[in-house]
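The structure under discussion appears below in the form of structure tokens.
Only heavy atoms go into these numbers, but all of them, side chains included; no hydrogens, no water, no symmetry mates. Order of listing sets the numbers, starting from 1, for every ligand and every atom in it.
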Amino acid sequence: MTSLQSILEYNREFVEEKKYEEFLTTKFPDKKMVVLTCMDTRLIDLLPRAMNLRNGDAKIIRNAGAIVTQPFGNIMRSILVALYELNAKEVYVVGHHECGMTGLNASNILEKAKASGVAENTVDTLRHSGIDLERWLTGFDNVTQGVMKSVEIIKNHPLLPAGTPVHGLIIHPETGKLDLLVDGYENLKTPTGV
Ligand code: ZN
């Protein structure tokens with residue numbers, strides 16, 4: 001049985017037996033928060049449980065590394081949609097120790113792409129069309145730096161609603177322990193000159 005088949009088979013049973021009932025909620029986050037975190041498999045259940053989040057409590061956005069690289073990319077758009085359209089009021093960026101985006105190396109990925117059958121000249125063509133693959137296929141030197149950078153981009157975004165706390169944390173992928181890097185409430189107290 002393929003992975004797809006087994007998912008579909010399980011799903012029929014899940015729906016028939018109404019296993020969904022315990023998850024019923026609305027699209028609005030009860031705890032009025034949006035969390036940006038990493039797609040790491042260890043965090044699927046661990047992160048919500050370690051943060052006391054249940055279905056319906058938060059908007060959770062996941063990508064490789066919990067990274068916002070572009071102020072006008074799709075991660076920042078998702079955060080703004082959560083804040084403006086879905087009643088979220090606070091932003092949490094939660095990176096984690098042992099993240100695969102630490103020291104991510106573009107040339108390693110490009111070598112693997114070639115080994116998997118991507119034609120040699122495809123990479124050249126991309127470079128010639130002005131795509132900076134090294135900049136795109138990059139992570140961070142360490143997770144602290146990664147979280148701080150994402151928090152900075154969100155916090156300084158021109159479309160961020162005034163008074164939105166943007167917190168930065170690091171979670172341990174085994175114990176779920178959270179270390180606080182940026183207390184978004186503290187930043188709100190900083191004089192803005194307004
Ligand atoms: Zn990660």
Under 3.5 Å, sequence neighbours excluded: what are the donor-acceptor pairs made by side chains of residues 7-16?
from, atom 1, to, atom 2, distance (Å)
E13, OE2, K19, NZ, 3.2

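Atom-to-atom distance recorded for I170:CD1 and L181:CG is 4.0 Å, nearest 0.5 angstrom.
The salt bridge (charged side-chain N to carboxylate O under 4.0 Å, His left out) pairs that include a residue from residues 85-110 are R42-E98, where partners are two or more places apart or lie in different chains. Legend: ring-ring contact (aromatic ring centres under 6.0 Å, His included) pairs involving residues 111-170, not counting sequence neighbours, sorted by first then second residue: F72-H157, Y92-H167, H167-Y185.
Protein contacts to the Zn ion (ligand 1) involving N, O or S atoms at a distance below 2.8 Å are C38 SG, H96 NE2, C99 SG.
Using a 4.0 Å cut-off between a side-chain N of Lys or Arg and a carboxylate O of Asp or Glu, D30 and K32 do not qualify as a salt bridge.
K149 NZ: 12 or fewer foreign heavy atoms inside a 6.0 Å radius.
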